[in-house]
There are 2 protein chains.
Amino acid sequence: MSAADRREQILDVATGLFGDRGFHGTTTDQVAQAAGISQPYVVRMFGTKEKLFLEVLDRALGLLLQTFRRILESPAGDDDRPMQARLGSGYVDLLGTRGVHRTLLHAFVSGNDPVIGAAARRGFVDIYRFLRDEAKFTPAEVEVFLSQGMLFSVLLGIELPAAFGQDPDADELMQVAFADKCGVVLEMAGPGTAR
Amino acid sequence: MSAADRREQILDVATGLFGDRGFHGTTTDQVAQAAGISQPYVVRMFGTKEKLFLEVLDRALGLLLQTFRRILESPAGDDDRPMQARLGSGYVDLLGTRGVHRTLLHAFVSGNDPVIGAAARRGFVDIYRFLRDEAKFTPAEVEVFLSQGMLFSVLLGIELPAAFGQDPDADELMQVAFADKCGVVLEMAGPGTAR
DNA sequence: GTCTATACGAAGATAGAC
DNA sequence: GTCTATCTTCGTATAGAC
């Protein structure tokens, strides 16, 4: 495998693992095993675990903004909903790439870390700039959009969809929070969506 | 110091530390040093680091619900705002106990962990039940309240208030998200609010 | 491009003393 | 109630070979 392909592969599996257990909870050996290579080779490729995490974070943020920009620039077509709703669906669709939401959330709770925290703040502000400057959201729209996005992410964080069917109140909460997106979420992150 | 007092003291400092660096990122030795005791004594007292974290989490959730219930049961007095706003202020006031919001968020992103994740889910659903059954929120009100709360927590997670003054766009984002609460937040979590 | 071997330092937990 | 000493395991990173 070429170095470039290997890099991508490692970043892919690392996104899933970091999403599951965060920076401190994930070992380079777990990444290596998931990628089918040796632990030292992972380190060799990225220098340090921290650099690996930063690349994973950058990629996740890049994918997010790329997804948003694509929606923003694509013709509405048969989708006559307001841009807020369309971008919201794009956010949900990121579930297609395992670990993105949860890796971002892990980064967002690491503000205290001098390196990762700085990157996380930059990333969040980048998203804000996109909403304000490119999507032309009003402050009120930004507030609603980000709020809903964060609730969505946190509910993924506690694995509410994965625990579907175990507690009626938990299921009801999903219904309340995800509303029309409930079906899609259960399909993409529901029980048995093993990693 | 009595065992009970020592317990409380350890739980206090552990809340701050777990809030800063999460379960995996915090060592029992850091907790011990912050409490001015030896590392083995911390373990001795709580059995394992995981049990310590679970107690910290329970306490944080307990404090949250206790705060909410107090507001719910207290007479409105001169505060004529709707209950959503009053509970929201209560949530902000939890900043008075260092680490509560961020420890909760760390727990909420650990859904994957069999033990901590289960406790986190239970905790979140407990909050939902409170809003639905005790505060009598409508589903729409629940959705808005939880959304705003999670955005609030995430912005604390990235330490946006602590980084105030470093990036105009970041400051603007704070304004957009915190609105009238901006002042209080900066006072309680702004730059120089060292731990 | 990828491995094996390994050094080195944490970090959680235990034993046992005072 | 609290400590010191220590065991043991784990995890990152390096060295160097193929």
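Every chain is numbered from 1, with letters handed out A, B, ... down the list of sequences. None of these values were measured; they are calculated from a predicted model.
The CZ-P distance, from Arg21(B) to dA10(C), rounds to 13 Å in whole Å. We find that CD of Gln33(B) is positioned 12 Å from P of dC3(D), with the value rounded to whole Å. Between the CZ atom of Phe23(B) and the C1' atom of dA11(C) there is a distance of 12 Å, rounded to whole Å. The NZ-P distance, from Lys49(B) to dT9(D), rounds to 18 Å in whole Å. Nucleotide dG1(D) holds its P atom 7 Å from the CE atom of Met45(B), rounded to whole Å. Look at OH on Tyr41(B): it is 19 Å from P on dA5(D), rounded to the nearest Å. Rounded to a whole Å, the CZ atom of Arg44(A) is 14 Å from the P atom of dT4(C). If you take CG of Leu52(A) and P of dA13(D), they are 10 Å apart, rounded to a whole angstrom.
Summary of the strand contacts: Val43(A) and Pro40(B) both lie near DNA chain D, and taking for each the nucleotide with the nearest heavy atom, the more 5' one is attributed to Pro40(B).
Within the 4.0 angstrom heavy-atom criterion, only backbone atoms of the sugar-phosphate kind lie near Thr28(A); the bases stay farther away. As judged by a 4.0 angstrom heavy-atom cut-off over every strand, Ser38(A) is placed among the base-contacting residues. Nucleic acid contact for Arg6(B): sugar-phosphate only, since backbone atoms but no base atoms lie under 4.0 Å from a heavy atom of the residue.
Of the candidates dG12(C), dT12(D), dC3(C), dC3(C) carries the atom nearest the Ile37(A) side chain, counting heavy atoms from C-beta on.
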Task: salt bridge (charged side-chain N to carboxylate O under 4.0 Å, His left out) assessment of Arg121(A) paired with Glu159(B) - done: CA-CA 8 Å; Arg121(A) 271 190 298 280; Glu159(B) 298 274 22; over 6 Å; no
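Taking the six-membered ring for Trp and the full ring otherwise, the centers of His24(B) and Phe23(A) sit at least 6.0 Å from each other. Between His106(A) and Phe53(A), the ring center distance fails the sub-6.0 Å criterion.
Using cut-offs of 30° and 60° on the angle between ring planes, the pair Phe145(B) and Phe137(B) is perpendicular.
A donor-acceptor contact under 3.5 angstrom links the side-chain atoms of Gln39(B) to the base of dA13(C).
Here the CD-CG distance, from Gln148(A) to Leu146(B), works out to 12.0 Å after rounding to the nearest 0.5 Å.
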